[in-house]
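See below for the structure under consideration.
Chain A is the first sequence line, chain B the second, and so forth, proteins listed ahead of strands; every chain is numbered from 1. Just the heavy atoms: all of them, side chains too, but no hydrogens, waters or symmetry mates, feed the values below.
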Amino acid sequence: MSDDRKTARPGLSRPQMAWRAAQDIFDGAYVNLGIGIPEMVARFVPEGREVIYHTENGVLGFGPPPEPGQEDPELINAGKKPVTLRPGAAFVHHADSFAMIRGGHIDICILGAMQVAANGDLANWSTGDPDAIPAVGGAMDLVAGVRRIFVITSHTTRDGSPKLMERCGYPLTGVGVVERIYTDLAVVDVGDDGFVLREIAPGVDVQTVQERTAAPLHVAEDLRTIAAPDGL
Amino acid sequence: MSDDRKTARPGLSRPQMAWRAAQDIFDGAYVNLGIGIPEMVARFVPEGREVIYHTENGVLGFGPPPEPGQEDPELINAGKKPVTLRPGAAFVHHADSFAMIRGGHIDICILGAMQVAANGDLANWSTGDPDAIPAVGGAMDLVAGVRRIFVITSHTTRDGSPKLMERCGYPLTGVGVVERIYTDLAVVDVGDDGFVLREIAPGVDVQTVQERTAAPLHVAEDLRTIAAPDGL
Amino acid sequence: MIDKRVPDVAAAVAEIPDGASVMIGGFGESGSPIELIHALIDQGARDLTVINNNTGNGGVGLAALIAAGRVRKMVCSFPRGTTETRFPELYRAGRIELEIVPQGTLAERIRAGGAGVPAFFTATSVGTPVAEGKEHREFDGRTYVMERALTADYALVKAQQGDRFGNLVYNKAARNFGPIMCMAARTAIVQVSAIVEAGELDPEVIVTPGIFVQRVVEVSDPAIESRLIAQGATYP
Amino acid sequence: MIDKRVPDVAAAVAEIPDGASVMIGGFGESGSPIELIHALIDQGARDLTVINNNTGNGGVGLAALIAAGRVRKMVCSFPRGTTETRFPELYRAGRIELEIVPQGTLAERIRAGGAGVPAFFTATSVGTPVAEGKEHREFDGRTYVMERALTADYALVKAQQGDRFGNLVYNKAARNFGPIMCMAARTAIVQVSAIVEAGELDPEVIVTPGIFVQRVVEVSDPAIESRLIAQGATYP
């Protein structure tokens, strides 16, 4: 977690990005959270909203990681990390777990991304490097089946290349699937005519976000500043 | 049960037909028995053979009917009759129950028939009468999925018309599915070249069986007489 | 807080509109959600498409819904009951449509509907009149027909116990179509003999996870169809 | 009498021939039948096609089977472990084939194999390189790809309890691929922590009915993969 606070420059920290995404999770939602920043989202769901977390390997209704020493190797999530159970949890086999996904029963899935295109295309599994060993896991099933797909990602790569593109250059995970993107700089929706800049991080201006985005941003009329708590 | 013994003329009674079929059920078999005479088969499986009975509505490992007064309306078989459970029984939902059938996991299914053809075609669900209300139930799934399909039927209809035909005249339940037929007169296999007369009821001659069969019978070299117990 | 409990069967079915498609659980009398069906009769929705393995028995439950003229179309495998119903008369008079589906194909189509699989292949019915007009295809030398998924606007299901999340366990052979119909319906409405506290159902033994259930109503002493029929009961 | 119990893991896997296809249960370490896999390493079968979600971890279990050069082809969704394995090296050297299948498609293909469904359609992977070469088809305005069923000669699965009929219950998330792999394999071989008497498992809570299981072997204190790896264990 050492790089959770690496963003000293203006923009949200990783926990702040997760916090922002968490505000969009409604009471009673069935939610699947990807590995990485998406996992953090569960910590920040506003009090009073009851959310049921699904993990691909067949646990519905899991809770936070156990106390150290309480890990059960047979009770893990799709990231292969130990979890706990909440009241109302249920175990299912893998085909039933993906029936929940493919059948449209999960409300929200939040994933990481390598690239997102202005039409909602998502690339998050492969650089297409011929030497890379392909590994898709459940991402293609999630983006094809879950009702609403949200992405949390840094706005650019470490070397400053845009990740929000006119078209993805990397092999796709799904076509036209992403609805909303939470970055360290902004909240961007995928609209009918491409990216819509909905919210912007404190201390960041629209021009900066546009410069770091490789597709036109339509600025929402009611553009707002993200009010993430300090100190996250 | 009043007509169980209606065959005063030579030939097997209905329980004797069931008895004969029961001799072909091997130890450890998973078996689905149709409504009518097939249901009786379970009574006559030789001692020492453990058989697991499957019913389409999702009970694996059911036992005989309960004592009067002990019926449970939520514990019935596909014929909607009360059953009991044997040790090792399990309940499954309908899709899983038919996965057992369609997936080839059931060893033997014994069904009634309206007509059976010399190529193994079976007709047992409709006369094709335009006024009849069609009703297929699980028969088409059973004949398509179960490994071995046996038929128990009277050799002819009440009015003496053959039920073992060159071709079925009634709408089919399945194509080329029947392996063996147990009638009141004979045990007939469906071979590569049509019907093979394997066994014959006591007091019945080959010519009589052939006359009541609307397709050629190849008489097995080792034609045997069925040794069904008397008094059944 | 997630709370899928509703106070009574009338509230549970209140919004079902005319023209809705409704999967009704049960195989024969086992698992038949009689109280929900009777509430639907009281509620008055018409022109329903009903998916059930059969067409009900006697003059109660599904048979009563059909007798009341509320069902435009039945999708089932075996439109016969253990006791006489008005279905044959309505069918012969052209007042109710019938789609005959082999029982295992019906179950698999419903399961596919719930699992987001739009179509699949099965060997069931190949060479029979039921396969006529369906797409045929060979895989590894065997012929199959393509079948489409079945979904519905609503499911009415009976289970044994449920909790506020909609988690369910069933009673013996009453399980039958319940789990897959809950999956395949946009709104699954379940009557249970007992609502239990959250966490009381062991996660290892829950048969239907709550994600597939939208409403749970307690009917603590559900009617037994064969006893109603033996008493000559009819509904309403 | 039906008795699917075998005395030990060596007897359980003894007949698996060279070239067999073997589904191996488990997701990461949960549900991994380590003792059966190690018995298979001892047994010596080669040129195996292995179906598992991953490619194992460290130097034990599936990773050890791969490292021993026994696997000709892997069918999986995510050929990476939580710890380093020899898979990448063997793959880059062209010494092991890889068929990448999205995780849910993998599960559904296995389930289809067990349920006698030769092929089905899914929206998963449409528009991605994984869908290339697959048949595409539109249903109700959405595009799907056709996927074929997966079956195997054998399955190696870990469960919690079993009886002489092969009925099984699992332990928490270790359930994962076990139930569907038992369905899809011609011979499903299951290690359980405890064999119980016939009738001891409640018919309502059995997850895998014995009809899907051919052999049951008791491994009363199964190894925990992550602990073996933390200890630096390798096999053999």
Side-chain angles (χ1 to χ4, degrees), chain B residues 55-60 62 71-85 89-104 121-123 125-126 128 130-146 168 170-177, chain C residues 27-32 53-55 57 76-82 87-88 91-92 98 100-112 114-115 122-131 143-144 158 160 170-181 183 207-208 224-227:
Chain B
T55 182
E56 294 94 299
N57 53 320
V59 192
L60 185 72
F62 70 90
E71 298 88 355
D72 180 339
E74 306 277 52
L75 183 53
I76 61 175
N77 64 14
K80 281 129 188 169
K81 293 191 193 133
V83 295
T84 53
L85 293 183
F91 297 109
V92 295
H93 65 57
H94 236 80
D96 281 349
S97 179
F98 278 87
M100 294 176 188
I101 293 170
R102 197 186 308 98
D121 288 359
L122 173 67
W125 68 287
S126 167
D131 269 2
I133 298 179
V136 299
M140 290 183 182
D141 306 282
L142 285 162
V143 300
V146 174
C168 295
Y170 294 148
L172 295 186
T173 308
V175 174
V177 293
Chain C
F27 176 87
E29 69 171 325
S30 68
S32 179
N53 191 64
N54 305 101
T55 47
N57 301 300
C76 70
S77 85
F78 201 79
R80 286 180 208 155
T82 47
F87 178 82
Y91 176 72
R92 291 202 176 94
L98 174 63
I100 279 289
V101 184
Q103 195 169 332
T105 296
L106 181 65
E108 190 68 9
R109 288 179 64 193
I110 294 168
R111 191 260 171 199
T122 174
T124 297
S125 88
V126 169
T128 80
V130 172
T143 304
Y144 298 83
K158 176 177 159 187
Q160 184 73 356
Y170 297 83
N171 181 25
K172 306 188 189 78
R175 185 182 302 196
N176 58 67
F177 284 92
I180 53 175
M181 287 184 170
M183 291 172 70
V207 173
T208 294
I224 293 169
E225 193 183 82
S226 54
R227 290 189 200 156

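Partners of B:D121 under the side chain to side chain donor-acceptor pair (under 3.5 Å) rule, at least two apart in sequence or in another chain, are B:N119. Partners of C:K172 under the salt bridge (charged side-chain N to carboxylate O under 4.0 Å, His left out) rule, at least two apart in sequence or in another chain, are B:D72.
B:I101 does not touch chain C: none of its heavy atoms, backbone or side chain, sits under 4.5 Å away. If you measure heavy-atom distances from B:S126 to chain C, you find no contacts under 4.5 Å at all. Contact annotation for B:A99: neither backbone nor side-chain heavy atoms come within less than 4.5 Å of a heavy atom of chain C. For chain B, the nearby part of C:T82 is the side chain; its heavy atoms alone come within less than 4.5 Å. Using a 4.5 Å cut-off between heavy atoms, B:F98 contacts chain C through its side chain alone, with no backbone atom that close. Contacts between C:V101 and chain B at a heavy-atom distance below 4.5 Å involve the backbone alone (N, CA, C, O).
Taking all atoms of both residues into account, the shortest heavy-atom contact from B:V136 to C:P102 is CG2-CA, 3.5 Å.
Distance alone, capped at 3.5 Å, is enough to place a donor-acceptor pair between the B:D141 side chain and the C:T105 backbone.
Atoms CD and CZ, from B:E56 and C:F27 in turn, are 6.5 Å apart once rounded to the nearest 0.5 Å.
Ring geometry, B:H94 versus C:F177: the interplanar angle falls under 30°, so the pair is classed parallel (tilted spans 30 to 60°).
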